[in-house]
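Both counts, for ligands and for their atoms, begin at 1 and track the order of listing.
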Amino acid sequence: MTSAALFDLSGLNALVCGASQGIGKATAQLLAQQGARVVLLARNREALEKVRSTLTSPEQHLCVAADVSHAVELDSALENILSTWGTIDILINNAGGPAAGPLLEAEPSAFESALHTHVLAQLQLCKKLAPAMRSKRFGRIINVISTSVRIPIPNLGVSNTIRAAVAGFAKTLSQELAPHGITVNNVLPGYTETERLSALAQASATRSATSPEVIRENWLKQVPMHRFARPEEVAAALAFLASREAGYITGVSLQVDGGRIGAI
Ligand SMILES: NC(=O)c1ccc[n+]([C@@H]2O[C@H](COP(=O)([O-])OP(=O)(O)OC[C@H]3O[C@@H](n4cnc5c(N)ncnc54)[C@H](OP(=O)(O)O)[C@@H]3O)[C@@H](O)[C@H]2O)c1
């Protein structure tokens, strides 16, 4: 463990989905810095390899290119991971959020796609990885979702719907797996400075015939800290929940939002 370590994750294998950019990338970097061996998973292999080269001890980590919404592809990726490493101790469920837009303008296909990417992928990942966690009597499953599970976000109809399903799934699973030493938690990022935030600002600006800068300024007004999160700040919450020290915390949804959600 380096002197900068928050938690000692040495001896633990982590699978970080959506690791090629944004919150997933920052999480892979932090978990590796804390001593974990990391599988980086996303669709773009080249981007994953670039991230891997930035990790502490790059040679001990693995890149796996797969689309989590594609069941056959995900299954073969997981077989490959398990045959290489045996077990995954820490699963970070994370992928791109659904497109913005009013609920009634969304096509059923957008819901189906989000269901595959977020709920069915989560089910498949957990079914495949939980048995080895149960045998070890240790596991950490953490979902990156959104503050919309507390207060739905206007203009994110598909996302609001699907995130609620993920939160319900996670709470149920946390109770089923608690007797086996496996915790299941959610991290709810607020506005976080990533490629997704830029895309949402641009989409919102186009829709309302204004500039992304104006949209960003309006968003900032909702955040008591008056700044957006850095991906590393969201990653820090994920690393804590992934740690051995967080072993008695399960079934929670931890907001990392600069104080934006006004609920107690
Ligand atoms: N940024 C924010 O302000 C914010 C706020 C609240 C919630 N969130 C949520 O937090 C999560 C992460 O956010 P982010 O800002 O880091 O997102 P991001 O910048 O869009 O990154 C998403 C990551 O997921 C991967 N990905 C997307 N679809 C995938 C698929 N089908 N299979 C495998 N990998 C996939 C992407 O890589 P590839 O394209 O290479 O697959 C990328 O690495 C998202 O669900 C987002 O909606 C973000």
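Annotation: ligand 1 has protein neighbours G18, A19, S20, Q21, G22, I23, A42, R43, N44, A66, D67, V68, N94, A95, G96, G97, V144, I145, S146, R163, P189, G190, Y191, T192, T194, E195, R196, L197, each with a heavy atom less than 4.0 angstrom from the ligand.
Scored by the salt bridge (Lys or Arg N to Asp or Glu O under 4.0 Å) test, R196 finds no partners at all (sequence neighbours excluded). With sequence neighbours excluded, the residues satisfying ring-ring contact (aromatic ring centres under 6.0 Å, His included) with F240 are F7.
Residues K25 and E195 are not paired through a salt bridge, judged by the lack of any N-O separation under 4.0 Å between the basic side chain and the carboxylate. Between E213 and R216, no side-chain nitrogen of the basic residue sits less than 4.0 Å from a carboxylate oxygen of the acidic one, so the salt-bridge criterion is not met.
Evaluation of the salt bridge (Lys or Arg N to Asp or Glu O under 4.0 Å) test over residues 72-94, restricted to residues two or more places apart or in two chains, returns D75-K128, E79-K128, D89-K136.
In the model, N143 has a side-chain atom that pairs as donor or acceptor with a side-chain atom of Q122 under 3.5 Å.
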